[in-house]
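Notes for the one structure printed next.
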Amino acid sequence: MTRVFSGVQPSGDMHIGNYLGAFRQWVEDQHSSDAFYCIVDLHALTVDTDPEMLRSRTVDAAINLLAVGLDPQICTIFVQSHVPEHAQLSWLLECMASMGELRRMTQFKEKGAGRESVRVGLFTYPVLMTADILLYDAERVPVGDDQRQHLELARNLAIRFNNRYGDTFVVPAPSVPRVAARVMDLQDPTQKMSKSSISPTGTVAILDSADQIEKKVRRAVTDPGKEVVYDPVNKPGISNLLDILAAVTGKSNSELATEYHSYAQLKSDVAEALIELLRPIQQRHAQLSADPGEVLAILARGAERAQSIAAVTLERAANAMGLLPPKLI
Ligand code: ATP
Ligand code: LTN
């Protein structure tokens with residue numbers, strides 16, 4: 001079976017971008033692949049976060065993943081810091097990566113914005129992400145469009161390592177959905193919808209009430225003119241709404257455009273489609289939240305399974321690089 005790996009940061013409320021761009025693929029992949037899904041809490045430390053908040057967001061991320069339909073009987077769900085091999089392999093890979101290639105990462109350029117006070121972890125973030133993936137010999141990594149560049153680095157580091165030290169890592173490939181790979185912010189459709197968005201009204205959270213969804217979609221920034229056409233360059237607001245509706249209904253965005261003659265009708269259907277999509281997820285979220293002990297047990301079993309694989313890969317990489325094994329084998 002193909003090995004699949006992906007990760008999500010416990011950095012805030014999960015939104016429809018995460019769901020349509022990533023989680024929906026994860027749910028599908030668990031049936032056809034040996035899938036590992038990781039809540040990347042070490043990555044969340046790259047920006048200042050309140051410790052209690054990080055802990056509760058980590059548990060909530062797990063509840064969200066179960067609520068969207070991941071089944072711990074058929075896939076592995078775990079927390080990154082529970083498997084110390086992630087940080088250990090990251091160091092080995094840092095010694096393979098160059099300052100120049102990390103400086104070119106657009107996410108670092110955007111979040112770091114050239115500030116001297118920016119955390120070193122934010123700079124080396126993509127190397128830790130590479131370690132996450134390579135530890136599991138993952139062939140496929142289902143992610144949204146924003147992660148393409150990081151995946152390219154992961155591929156390059158795997159190839160460089162194999163060339164220098166002999167075949168050690170599987171070279172992973174990104175898997176980006178055809179629709180909704182980049183859901184845009186409802187208030188600023190030139191920016192991707194993000195957990196860390198400054199405008200909460202631009203983001204539809206998975207747990208938003210029907211009333212909140214309705215309001216946010218109704219107030220979504222639209223474009224000059226009245227015609228509903230799919231044109232991401234000149235009509236980014238309307239095109240984003242069409243993309244969301246296409247992702248939820250399975251119809252094509254340009255076909256949907258011909259069905260609408262007013263922005264208001266389109267918005268009303270987008271809101272309704274989202275409310276229906278999220279309703280069962282929200283119900284499961286409420287049930288799971290009532291039993292956090294069970295969620296923690298799922299994470300403990302997940303970490304155990306993940307570590308049994310990660311430890312073997314780490315040892316392989318350490319040996320290849322010439323580190324002395326701690327005991328005679
Ligand atoms: P942050 O705002 O903290 O950077 P995020 O909202 O971008 O967080 P992540 O945890 O970084 O979310 O990403 C989880 C998955 O969701 C990744 O595969 C990412 O590519 C995908 N994703 C995030 N935002 C979007 C979006 N707007 N459209 C499509 N996919 C997205
Ligand atoms: N960088 C990713 C989260 C992430 C990830 C990973 C995704 C960390 N490690 C490994 C796929 C595979 C993000 O910000 N969305």
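Below, all heavy atoms of this structure are taken into account, side chains as well, without hydrogens, waters or symmetry copies. One-based numbering, in listed order, for ligands and for the atoms of each.
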Tell me, yes or no, whether the heavy-atom count around [X] atom [atom1], taken from other residues, nucleotides or ligands under 6.0 Å, exceeds 12.
X    : atom1 : result
R219 : CZ    : no
N162 : CG    : yes
E227 : CD    : no
Q107 : CD    : yes
E272 : CD    : no
E304 : CD    : no

- Task: Please collect all side chain to side chain donor-acceptor pair (under 3.5 Å) contacts where either partner lies in residues 57-70, sequence neighbours excluded, each pair once.
- Result: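 Matches after skipping sequence neighbours: D60-N64, D60-H285.
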Can you pull out the closest protein heavy atom to [atom]? Residue, atom name and distance to 0.1 Å, please.
atom                    : result
atom 20 (O) of ligand 1 : D146 OD1, 2.5 Å
atom 13 (C) of ligand 2 : Q147 NE2, 3.2 Å
atom 24 (N) of ligand 1 : K192 NZ, 3.0 Å
atom 10 (O) of ligand 1 : K195 NZ, 2.7 Å
atom 6 (O) of ligand 1  : H15 NE2, 2.7 Å
atom 30 (N) of ligand 1 : G17 O, 3.1 Å
atom 28 (N) of ligand 1 : V183 N, 2.9 Å
atom 6 (C) of ligand 2  : M129 CG, 3.5 Å
atom 4 (O) of ligand 1  : K111 NZ, 3.0 Å
atom 18 (O) of ligand 1 : G144 N, 3.2 Å

- When you look for heavy atoms under 4.0 Å from ligand 1, do you find them on the side chain of S196, its backbone, both, or neither?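 For S196, backbone and side-chain atoms both sit under 4.0 Å from ligand 1.
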Short list, please: which atoms of ligand 1 are under 4.0 Å from a heavy atom of [X]?
X    : result
V8   : 10 (O), 14 (C)
G21  : 29 (C), 30 (N)
A22  : 15 (C), 16 (O), 18 (O)
A180 : 29 (C)
A181 : 28 (N), 29 (C), 30 (N)

- Ignoring hydrogens, just give me the one of H150, Q9, R148, R24 whose non-hydrogen atom is nearest atom 11 (O) of ligand 1.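 Checking each option, the heavy atom nearest atom 11 (O) of ligand 1 is found in Q9.
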- Task: Between D13, L151, N18, D243, flag the one that comes closest to atom 23 (C) of ligand 1 by a heavy atom.
- Result: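 Closest candidate by heavy-atom distance is N18.
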- Query: Is Q107 near ligand 1, meaning one of its heavy atoms is under 4.0 Å from it?
  - Reply: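 The answer is no, since Q107 has no heavy atom less than 4.0 Å from ligand 1.
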Show the atoms of ligand 2 that are less than 4.0 angstrom away from any heavy atom in [X].
X    : value
Q9   : 14 (O)
S6   : 11 (C), 12 (C)
V141 : 11 (C), 12 (C)
F5   : 10 (C), 12 (C)
V40  : 8 (C), 9 (N)

[X] N/O under 3.5 Å from ligand 1 N/O:
X    : answer
D145 : no
M193 : yes
W26  : no
S6   : no
Q147 : no

- Item | Interatomic spacing from CD1 in I74 to NE2 in H31 - rounded to 0.5 Å |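 Reported to 0.5 Å precision, the distance equals 4.5 Å.
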- Item | Region of V143 that comes within reach of ligand 2 [heavy atoms, distance under 4.0 Å] |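 Answer for V143: side chain.
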- Message: For I133, which part has a heavy atom under 4.0 Å from ligand 2: side chain, backbone, both, or neither?
- Response: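 Answer for I133: side chain.
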- Query: Hey, does Y125 come in under 3.5 Å of ligand 2, counting only N/O atoms on both sides?
  - Reply: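 It does: an N or O of Y125 is found under 3.5 Å from an N or O of ligand 2.
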- Is the closest N or O pair between D132 and ligand 2 shorter than 3.5 Å?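 Yes.
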- For the side-chain contact (heavy atoms from CB on, under 4.5 Å) test, which of I238, L241, V228, V229 pairs with Y260?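 Among I238, L241, V228, V229, the one meeting side-chain contact (heavy atoms from CB on, under 4.5 Å) with Y260 is V228.
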